Number of protein chains: 2
Amino acid sequence: MTGPSITIKDVAALAGVSPATASRVLSGNPATSAESRQRVAAAVAQLDFHPNAQARALRSTKTNVIGLLLSDVRNPFFADLAHAAEQAALAEGLVTLLGNANESIPQQDRYLETFISQRVDGVIAAPQGEGSSSLHALLERGIPTVFVDRTVNGIDVPSVTTDSDSGIRQAVEHLARLGHERVGYIAGPQTTSTGRDRLKSFSRAARDFGLSSDPALTYFGDFQSASGSAGAHHLLGLAQPPTALLAADSPMAVGALATLNRKGLRIGRDIALIAFDDIEWFSLLDPPLTVISHDVEAMGRAAVGLLLEVIDGRKPESVVLPSELIVRASSGTPDPSLGQP
Amino acid sequence: MTGPSITIKDVAALAGVSPATASRVLSGNPATSAESRQRVAAAVAQLDFHPNAQARALRSTKTNVIGLLLSDVRNPFFADLAHAAEQAALAEGLVTLLGNANESIPQQDRYLETFISQRVDGVIAAPQGEGSSSLHALLERGIPTVFVDRTVNGIDVPSVTTDSDSGIRQAVEHLARLGHERVGYIAGPQTTSTGRDRLKSFSRAARDFGLSSDPALTYFGDFQSASGSAGAHHLLGLAQPPTALLAADSPMAVGALATLNRKGLRIGRDIALIAFDDIEWFSLLDPPLTVISHDVEAMGRAAVGLLLEVIDGRKPESVVLPSELIVRASSGTPDPSLGQP
DNA sequence: ATACTTGGTGGAATCGTTTCCATGGAATCG
DNA sequence: CGATTCCATGGAAACGATTCCACCAAGTAT
């Protein structure tokens, strides 16, 4: 069906030059005559030649491929991030090898091994857990790496993260002002830096603004929607249930929302709900959801920018992007009749 | 920083065998002694050897990489599809190179060229428009290709698509039963097969069930949310506005939803809304959205299955998956006071 | 015993590029 | 006008794996 594929030798032969010259023309090497350039270009067009990226990479040790490792594209936050990073990379002439770790360390390792074997020029990762062995293998090989969204303790690579603290603090203050005293927190997994940081911020803010610091008000989820449902269910079943819920990411907020709806609670009246991560349609819900928002697009772009610097051999500073509260109708005044059994 | 990388020769030397034998051990060739296997394995572990995928692919003409070309990962439908396909591929030992065409033909071509250069083992594509030049280049090279979600007229490759007709017909019948006569349709771009097929199904069903076939009731969007907003705005501004809206994909439905909310219309009472594509949180809206649902997970798996068959040199039959209406509260009885200026 | 498989092995060619090095001609300089 | 630089070029050696081919030792059939 498919004959022997056309190589640079065929192009060179047709153009009447040597493969070396053809290669120089193709790579834009200035040491070429106008004549050669023109003839090679014509031959390339005529043969519809596509250089073999494997052979090229083998010789030049540059693949123009980067690896993007994240948890789950189905999470809108990561989908936005993937889109932003991929588009930014494309603008720099890099294509993206996508790895979905599915919040699973073995699968993360699987993809990191693949990235190493593929000799990617660099890796952008939202790492799981505490430095897996493959993560160390990556760094020991000196493969340029940046972290995005999350970091790993004790691994010093440039990162672009969100300053969750400011947004969470605003959210807690907002709830406190409205008179909430018991706020349930659906936390992310404590094996991720974002999970830990956001919980810490929440606890500190709760203390600072005089909210209950009852540990029973914290439920540990896994950043996926089912755990948000379970968390809301659990928290509302407490002897002293919270009057407001704060979820550490959007899928868990969606899960919590489902539970609240199922229980017939009126959001924004019977109970307040705030989500970390803004998603386009959160503002379309009834009531619209109060959220802690951050600029995911900027995060993706920044990650690619940092990675390019690392590839260039520099050691860029990490970037921390702000977060802020966007108040909508889902966070209302607590109902005094609640929480009084 | 990073020394000369370790090659199979280093492994062979350490194991006291030839590179040929080491290679055989690594690729599971049975013509190896237990002794060699054991020694090579030990050397690989000790050196933390990762074979160079480029060199391997160059010689063996298999990359174990497939290209996945789709429109936009931010569209939950494609995110689900990407996730399903990627996981299914991974289970077969293939990694996925992701290309986001962004509903743009030049960008689609850019990625297809990349896939060709990367010598991917196969391509799963949700194609834009009518066979671009790069799409033909792909097929002329005999690169195994399957279409997913969409097809292209005149290009005969196996595909896995949704039978939109059944779902749309059910939706139209449902609306007709409720007494709706003027149903606005927010169509997808007519440069995609899904855009065309769904419009055709809608028109036919509208005629069959006695709905108005006023062409003004069809608005042509581009499968992205902004066009859904614009479409709803336009349709509601007609002299005889529709009492129900059907959007051909979920982002456009979200856009329409935003417009309806902004106009203060009560969905399910003042106006009915149905979306093609079910999204987890559509059932969480107030009111929950009536949708035409199909199994995206199955679609992704089927696409990988077909691709593997094509790679194996077979010529599999295309797969058509069913769609069905899921009635929720957003599709209600038309308000008789509407549409009577 | 001789011939003939069998199974493991190593040497060397090969995949398609890039890049080092040498070369030859034209242009520039003293 | 001869010597030097400059530039475009081609030949050939890499890059790191796989795989063809020949080989040798040991086992089996004659």
Side-chain angles (χ1 to χ4, degrees), chain A residues 2-41 43-44 47-65 113-114 116-121 141, chain B residues 2-41 43-44 47-65 113-114 116-121 141:
Chain A
T2 164
S5 64
I6 34 197
T7 75
I8 202 172
K9 287 187 184 177
D10 303 319
V11 172
L14 181 58
V17 299
S18 74
T21 302
S23 170
R24 279 185 278 256
V25 170
L26 287 172
S27 58
N29 187 317
T32 50
S33 67
E35 160 104 15
S36 304
R37 279 195 293 274
Q38 188 269 320
R39 302 185 63 148
V40 169
V44 164
L47 297 174
D48 193 22
F49 170 69
H50 289 248
N52 182 316
Q54 266 74 37
R56 178 175 280 195
L58 181 58
R59 180 62 229 244
S60 64
T61 63
K62 282 220 50 172
T63 55
N64 294 316
V65 175
E113 306 273 325
T114 301
I116 294 175
S117 273
Q118 291 289 334
R119 303 293 194 265
V120 295
D121 288 345
R141 274 187 172 60
Chain B
T2 164
S5 65
I6 34 200
T7 76
I8 201 171
K9 288 188 181 173
D10 303 319
V11 171
L14 180 60
V17 299
S18 74
T21 303
S23 169
R24 279 185 277 257
V25 170
L26 287 172
S27 58
N29 188 317
T32 49
S33 67
E35 160 103 13
S36 304
R37 278 196 293 274
Q38 187 269 318
R39 303 185 60 149
V40 169
V44 164
L47 297 174
D48 191 23
F49 170 69
H50 290 248
N52 182 317
Q54 267 75 36
R56 178 175 281 194
L58 182 58
R59 181 64 229 247
S60 64
T61 63
K62 283 218 48 169
T63 54
N64 293 314
V65 175
E113 306 273 323
T114 301
I116 294 175
S117 273
Q118 291 289 334
R119 302 292 193 266
V120 294
D121 288 346
R141 275 188 171 57

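Here the structure is a predicted model, which is why all the values come from computation and not from measurement. Per chain, numbering begins at 1; letters A, B, ... match sequence-line order.
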Is the phosphate of [N], meaning OP1 or OP2, less than 4.0 Å from a side-chain N or O of [X]?
| X | N | answer |
| --- | --- | --- |
| B:S60 | C:dC15 | no |
| B:T32 | C:dT9 | no |
| B:R56 | D:dT18 | yes |
| B:S18 | C:dT9 | no |
| B:S5 | D:dG16 | yes |
| B:T7 | D:dA17 | yes |

Nucleotide opposite C:dG30 in a Watson-Crick or G-U pair, distances under 3.5 Å: D:dC1
I'd like to know if B:R24 reaches the base of C:dG10 with its side chain such that a donor and an acceptor end up less than 3.5 angstrom apart. yes
Side-chain donor/acceptor of A:R59 to base of C:dT17, under 3.5 Å: no
Atom-pair distance ([atom1] on [X]; [atom2] on [N]), nearest Å:
| X | N | atom1 | atom2 | answer |
| --- | --- | --- | --- | --- |
| A:E35 | D:dC7 | CD | P | 19 Å |
| A:R119 | C:dT18 | CZ | P | 19 Å |
| A:I8 | C:dT19 | CD1 | C1' | 12 Å |
| B:Q54 | C:dT18 | CD | P | 13 Å |
| B:Q118 | C:dG16 | CD | P | 16 Å |
| B:D10 | D:dC15 | CG | P | 11 Å |
| B:N29 | C:dT9 | CG | P | 10 Å |
| A:N52 | D:dC15 | CG | P | 18 Å |

Identify the heavy atoms of A:P51 and B:R119 that sit nearest to each other, and give their distance. O-NH1, 3.7 Å
Would you mind classifying the nucleic acid contact of [X] as base, sugar-phosphate or nothing, using non-hydrogen atoms under 4.0 angstrom?
| X | value |
| --- | --- |
| B:T61 | nothing |
| B:S23 | base |
| B:S36 | sugar-phosphate |

If you find the nucleotide of DNA chain C closest to A:K9 and the one closest to B:A22, which residue's nucleotide is nearer the 5' end? B:A22
Of the nucleotides D:dG10, D:dA8, D:dG16, which one has an atom closest to the side chain of A:V17? D:dG10
In terms of side-chain heavy atoms of B:A31, which of C:dT17, D:dG16, C:dT9 is nearest? C:dT9
Under a plain distance cut-off of 3.5 Å, with no hydrogens placed, do A:T114 and A:S117 share a side-chain donor-acceptor pair? no
Strictly by modelled atom types, are A:T32 and A:R37 linked by a side-chain donor-acceptor pair under 3.5 Å? yes
Between [Y] and [X], is there a side-chain heavy-atom distance shorter than 4.5 Å?
| X | Y | answer |
| --- | --- | --- |
| A:V11 | A:I6 | no |
| B:V65 | B:Q118 | no |
| B:V40 | B:R24 | no |

